[in-house]
Amino acid sequence: MSQNAFIIIDMQKDFNVPGAPFRVDCGLEALPYIEQALEATRKSNLPIVHVFRYYRANGVDCEITRYDAYKSKGFHGCTVAEEGAEILDSIKPIAGEYTIVKQRWSAFFQTELDMILRRLGVKQVILAGVQTPNCIRGTVWDANSLDYEVIVLTDATNAKTPEVHQANLFDMKNIGIKMMTTAEYVECLKNNPDGPEAGNQLRIRNEIAEAKNQPEPHDMYDYSAKRWR
């Protein structure tokens with residue numbers, strides 16, 4: 001089982017093509033890099049997950065902060081069964097790849113993504129797609145909270161402007177998220193089909209076990225007084 005999974009987020013027509021309802025202005029700049037990363041990942045047989053957004057046609061499952069914008073577009077934009085909700089043709093899922101539907105920013109929020117990754121033994125996720133401050137960042141934060149190691153492909157992700165993209169990469173790097181270019185990722189797969197090393201969970205677990213440090217004493221909390229001693 002591979003410890004890595006490659007996850008592509010929201011590369012749908014309604015987020016990327018000119019004139020689309022929710023277009024991310026620089027989103028298509030990431031597409032050639034996503035194509036390269038996807039091709040290399042397919043050759044390596046790592047798990048691939050396509051995460052995309054679907055809304056019902058009356059907006060009942062749209063975020064409250066996006067509902068008015070969705071309504072103003074006539075309830076069009078990543079709407080189920082409409083062409084705009086389709087993943088871009090050059091990176092459409094193929095047999096053997098996983099698809100996850102989400103209605104919120106994070107790919108983990110109320111989806112089966114975490115369950116699938118744990119079943120596959122995944123310890124580290126490599127992220128691509130749009131857009132950096134919203135669904136990429138939301139997914140990064142949840143992945144980090146769930147103890148996954150995270151790599152963001154810096155040129156296979158993007159936002160409305162280069163400045164927004166770089167600012168969010170800076171924030172994510174500051175919490176310990178690993179950054180790689182697509183070229184670095186592809187080269188890594190050439191050298192090791194299992195992908196970038198993911199060893200932090202095992203290292204930390206071994207360090208704690210070897211230190212033989214005791215956890216907090218059982219009586220450090222006074223339940224009768226409902227306070228710490």
Side-chain angles (χ1 to χ4, degrees), residues 5 7-31 34 49-88 91-93 98-118 125-148 150 152-153 156-177:
I7 301 177
I8 306 173
I9 297 175
D10 286 355
M11 289 304 291
Q12 297 162 266
K13 295 177 181 178
D14 276 343
F15 284 123
N16 290 283
V17 302
F22 296 125
R23 186 178 181 229
V24 177
D25 291 344
C26 296
L28 283 179
E29 294 179 16
L31 183 59
I34 297 173
V49 184
H50 301 260
V51 181
F52 52 98
R53 189 182 294 259
Y54 268 167
Y55 292 134
R56 289 174 173 81
N58 64 354
V60 67
D61 48 7
C62 183
E63 298 95 333
I64 59 171
T65 51
R66 180 173 266 173
Y67 177 83
D68 287 341
Y70 186 54
K71 180 180 178 181
S72 72
K73 301 176 192 326
F75 294 107
H76 295 294
C78 299
T79 306
V80 175
E82 291 189 356
E83 182 182 359
E86 295 176 359
I87 292 173
L88 295 169
I91 55 172
K92 279 185 179 295
Y98 297 92
T99 56
I100 300 285
V101 174
K102 67 180 177 68
Q103 274 90 28
R104 293 297 181 265
W105 313 109
S106 170
F108 288 96
F109 183 76
Q110 295 188 356
T111 74
E112 65 270 46
L113 179 59
D114 182 49
M115 178 185 69
I116 289 173
L117 295 179
R118 292 187 189 279
V125 292
I126 297 98
L127 301 185
V130 295
Q131 68 166 317
T132 325
N134 296 348
C135 297
I136 300 298
R137 183 167 175 152
T139 300
V140 164
W141 255 244
D142 278 356
N144 182 257
S145 297
L146 291 165
D147 269 352
Y148 290 99
V150 184
V152 174
L153 297 186
T157 50
N158 221 320
K160 283 188 174 294
T161 69
E163 292 78 14
V164 169
H165 179 57
Q166 291 300 324
N168 280 274
L169 293 179
F170 177 84
D171 284 347
M172 289 186 281
K173 186 176 180 180
N174 271 354
I175 69 160
I177 302 305

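Throughout, residue positions are numbered sequentially from 1 according to the sequence presented. Keep in mind that the numbers below use all heavy atoms, side chains included, and drop hydrogens, waters and symmetry copies.
Separation of atoms CD1 (I8) and CD1 (I34) is listed at 6.0 Å; rounding is to 0.5 Å. The CE atom of M11 lies 6.5 Å from the CG atom of L28; values are rounded to the nearest 0.5 Å. With values rounded to the nearest 0.5 angstrom, R104 atom CZ is found 10.0 Å from R66 atom CZ. Atom OH of Y55 sits about 15.0 Å away from atom NE2 of H76, to the nearest 0.5 Å. To the nearest 0.5 Å, atoms CZ (F108) and CD1 (I7) are separated by 5.5 Å. The line from CG of D25 to OG1 of T161 is 8.5 Å long, rounded to the nearest 0.5 Å.
With contacts defined as side-chain heavy-atom distances shorter than 4.5 Å, the pair W105/E63 qualifies. Residues R118 and L146 form a side-chain contact, since some pair of their non-hydrogen atoms from C-beta on lies under 4.5 Å apart. By the 4.5 Å heavy-atom criterion applied to side chains, I91 and L31 are counted as neighbours. I100 places none of its side-chain heavy atoms less than 4.5 Å from the side chain of H50. A 4.5 Å side-chain heavy-atom check between V17 and L88 finds at least one atom pair inside the cut-off. When side chains are defined from C-beta on, F52 does not count as touching D14, because their heavy atoms never get closer than 4.5 Å. For the pair M172 and W141, the minimum side-chain heavy-atom distance is below 4.5 Å.
With hydrogens and angles ignored, the 3.5 Å screen pairs a side-chain donor or acceptor of D61 with a backbone N or O of R56. Not a single donor-acceptor pair under 3.5 Å links the side chain of K102 to the backbone N or O of Q110. Side-chain N or O atoms of K92 include one that pairs as donor or acceptor with a backbone N or O of I87 at under 3.5 Å. Between the R23 side chain and the N16 main chain, a donor and an acceptor come within less than 3.5 Å of each other.
Residues V101 and T111 approach most closely at O-CG2, 3.6 Å, considering heavy atoms. Considering all non-hydrogen atoms of both residues, P21 and K73 come closest at O-CE, 3.0 Å. Between P93 and T99, the closest heavy-atom pair is CG-CG2, 3.8 Å. Looking at every heavy atom in both residues, L127 comes nearest to I136 through CD1-O, 4.3 Å. The minimum heavy-atom distance linking C135 with D10 is given by the pair SG-OD2, 3.2 Å. Taking every heavy atom of both residues into account, G59 and Y70 meet most closely at CA-CE2, 3.5 Å.
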Practice task
Could you walk me through whether N158 and V24 pass the side-chain contact (heavy atoms from CB on, under 4.5 Å) test, one step at a time?
Solution key: CA-CA 8 Å; N158 221 320; V24 177; 5.7 Å; no

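Side chain to side chain, T132 and N168 fail the donor-acceptor criterion of an N or O pair below 3.5 Å.
Taking a 6.0 Å sphere around CZ of F75, one finds it holds more than 12 heavy atoms contributed by other residues, nucleotides or ligands.
Judged by the 6.0 Å and 45° rule, R53 forms no cation-pi pair with F22.
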